[in-house]
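One structure is given below, encoded as structure tokens.
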Protein chains: 2
Amino acid sequence: MKTIRILAVDDHEMSTMGYKFILEDTEFDDFKVFVDTAKTFDAAVEKIENSVNSFQYDILLLDIQLSQAVEGPAKTGEDIGIFARKVIPKTKIVFMSSFSDNYRINSILKTVDPEGYMVKTEIDQKSLQAMVLTVLNNPPYYTQKALAAIRKKMANDDIVLDEKDKKILHFLSIGTKTKDMVNHVSLSLPSIENRKRHLKSVFGVEKQNDQALITESRNRGFI
Amino acid sequence: MKTIRILAVDDHEMSTMGYKFILEDTEFDDFKVFVDTAKTFDAAVEKIENSVNSFQYDILLLDIQLSQAVEGPAKTGEDIGIFARKVIPKTKIVFMSSFSDNYRINSILKTVDPEGYMVKTEIDQKSLQAMVLTVLNNPPYYTQKALAAIRKKMANDDIVLDEKDKKILHFLSIGTKTKDMVNHVSLSLPSIENRKRHLKSVFGVEKQNDQALITESRNRGFI
DNA sequence: ATGAAACCTTATATATTCTATGGTTTTTAT
DNA sequence: ATAAAAACCATAGAATATATAAGGTTTCAT
């Protein structure tokens, strides 16, 4: 019988062990599953590299946030995904993330375009099994919370914000004063005001205060 | 026991009857289902209007293409959805469509943002029942083919085309010659050439012919 | 009441995009 | 193989949109 090889990457050993026990104990029709695990970015990359010229994993289960071994730029599950797409493009990638916020999901769906995205609170035995089957045969597999975020994005797909708009929204959301934004956004004060006005009109909160703008951008998944 | 009221709109009576028989025969835990049907745009709108000040439907099942009663601008299920969102915003809307092309799905997801989208070839008893439950309790519900289209869109979300770009791609795909496009796009010939060049660079098919551009835009779900 | 920040307006400057023109290369039909 | 048609490319000037500077008004907190 065919063996499906899975590599589960998560700094919480309990998670990877959970995936391993559940999936290896499941009786699939056409195959059995073997789950390999890795706890760090480096360990995961090494296992992937070793697999390139031999068996190659069928599925990668990636947590997004991994604890850092050394100081420096954060090495996340997203980076593992980007790396894996290059060296083993045929391997299916599924993110297992505690993040259900739109911003993060949107980012992952663009940079890696994974075959699956599961929000951790929605993972259980049944969904894990369904995920494996769907990802292998007829991707993608998204859990409900991921789907809800995706739906929001699709509904607001006509609204396009450039980097400056996003920065303005971000600084606004953390309470930065408009006049202080010139230090962060590389635009003149009137331009920033102008863009804020424009954003308010785009989000349908004309003539309302900044709080309304922040709330609405959050609702639509832009912050 | 609570009754869930559904209005199914489709010009093929076989479809609406199928939904009716299956759903009314299903034993749901907390409710039973009553399915009303309509075969035309006008009949559907009338039933919706009549419901506004009385029971109000819980779910609308809408086919996109409806046969035309009179000549004139096509009145589609999409229009019914837009109308329903205005007069009965709390009613859940699900499209039951033969279209699985990206363009159509993307459009619907923006204009109506329905709680569900089912591609007809994927509809069966089980999926119908799951759809009702999901849409009522935890939307959205999309079938796999719809999901595949949505995934494509999300992965290419950074590429933004305006109306003129879309027209150029469309006319290109139906074999219109570049020089003839000036009659359709309201741009000068050099501008069209320029946009084509730009599109090719955006889609990563620089220095290749138009066929490559068309193929790539199709792959990414823009045509 | 007063100062600070936010908000708005107008004129000018800057940048982007479109067009017109004229050329070169590629394709197509004979 | 060759001539005509279409596609492709480059440049300069026109049109459009966006940013800035300067100055005024409104709003809010103390």
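Since we're looking at a predicted model, the values are computed, not measured. Within every chain, numbering begins at 1; the chains are lettered A, B, ... in the order of the sequence lines, protein sequences first and strands thereafter.
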Problem set entry | Heavy-atom check, side chain of A:D10 versus side chain of A:M96, under 4.5 Å | no
Exercise. In whole angstroms, how far is the P atom of C:dC8 from the NE2 atom of A:H198?
Worked result: 15 Å
Pick out the pairs of N or O atoms, protein on one side and nucleotides 11-15 of chain C on the other, that lie under 3.5 Å.
none

Exercise. Roughly how many Å is it from CD in A:E193 to C1' in C:dT10, rounded to a whole number?
Worked result: 14 Å
For this session: Return the residues of residues 158-191 of chain A meeting this criterion: a heavy atom under 4.0 Å from some atom of DNA chain C. Order them by number, or give none.
Result: A:K177, A:T178, A:K179
Problem set entry | Lys/Arg-Asp/Glu bridge criterion (N-O < 4.0 Å) met for B:R151, A:D113 | yes
Problem set entry | Side-chain N or O of B:R197 closer than 4.0 Å to phosphate OP1/OP2 of D:dC8 | no
Problem set entry | Least distance between heavy atoms, B:I214 atom then B:S173 atom | CD1-CA, 3.8 Å
For this session: Answer yes or no: does atom CD of A:E122 have more than 12 heavy-atom neighbours from other residues, nucleotides or ligands under 6.0 Å?
Result: yes
Problem set entry | From CD (B:E193) to CE (B:M181), nearest 0.5 Å | 10.5 Å
For this session: Please check the phosphate of D:dT18 (OP1 and OP2 only) for any side-chain N or O of A:R195 closer than 4.0 Å.
Result: no
Exercise. Taking everything shown except B:K120 itself, do over 12 heavy atoms lie less than 6.0 Å from its NZ?
Worked result: yes
Problem set entry | Sequence neighbours excluded - ring-ring contact (aromatic ring centres under 6.0 Å, His included) pairs with any residue from residues 176-195 of chain A | A:F171-A:H184
Problem set entry | Phosphate contact (D:dC8 OP1 or OP2) by B:K200 side-chain N/O below 4.0 Å | yes
Exercise. So does A:K2 pair up with A:D58, basic N to acidic O under 4.0 Å?
Worked result: no
For this session: Decide, yes or no, whether a salt bridge links A:D158 with B:K110 under the criterion of side-chain N to carboxylate O below 4.0 Å.
Result: no
Seminar exercise, completed: B:Y142 and B:P114 have their tightest heavy-atom pair at OH-O, 4.4 Å
For this session: Provide, to the nearest angstrom, the distance between the CG atom belonging to B:N194 and the C1' atom belonging to D:dA10.
Result: 10 Å
Seminar exercise, completed: To the nearest 0.5 Å, atom CG of A:L172 lies from atom CD1 of A:I223 at 7.5 Å
Exercise. Among side-chain atoms of B:N194 and B:S191, is any donor-acceptor pair under 3.5 angstrom?
Worked result: no
Problem set entry | Sidechain N-carboxylate O distance under 4.0 Å for B:R85, B:E115 | yes
Problem set entry | Neighbours of DNA chain C within residues 206-218 of chain A, by heavy-atom distance under 4.0 Å | A:K207, A:D210
For this session: Kindly compute the distance separating CZ (B:F55) from CG (B:N50), expressed to the nearest 0.5 Å.
Result: 8.0 Å
Exercise. Considering residues, nucleotides and ligands other than A:K39, do more than 12 of their heavy atoms fall under 6.0 Å from its NZ?
Worked result: no
Exercise. For the rings on A:F222 and A:F203, is their centre-to-centre separation under 6.0 Å?
Worked result: yes
Problem set entry | Rounded (10°) bend between the five-pair end axes of the helix from C:dA1-D:dT30 to C:dT30-D:dA1 | 50°
Quick one: which protein N/O atoms are closer than 3.5 Å to N/O atoms of nucleotides 26-30 of chain C? Pair and distance per line, please.
none

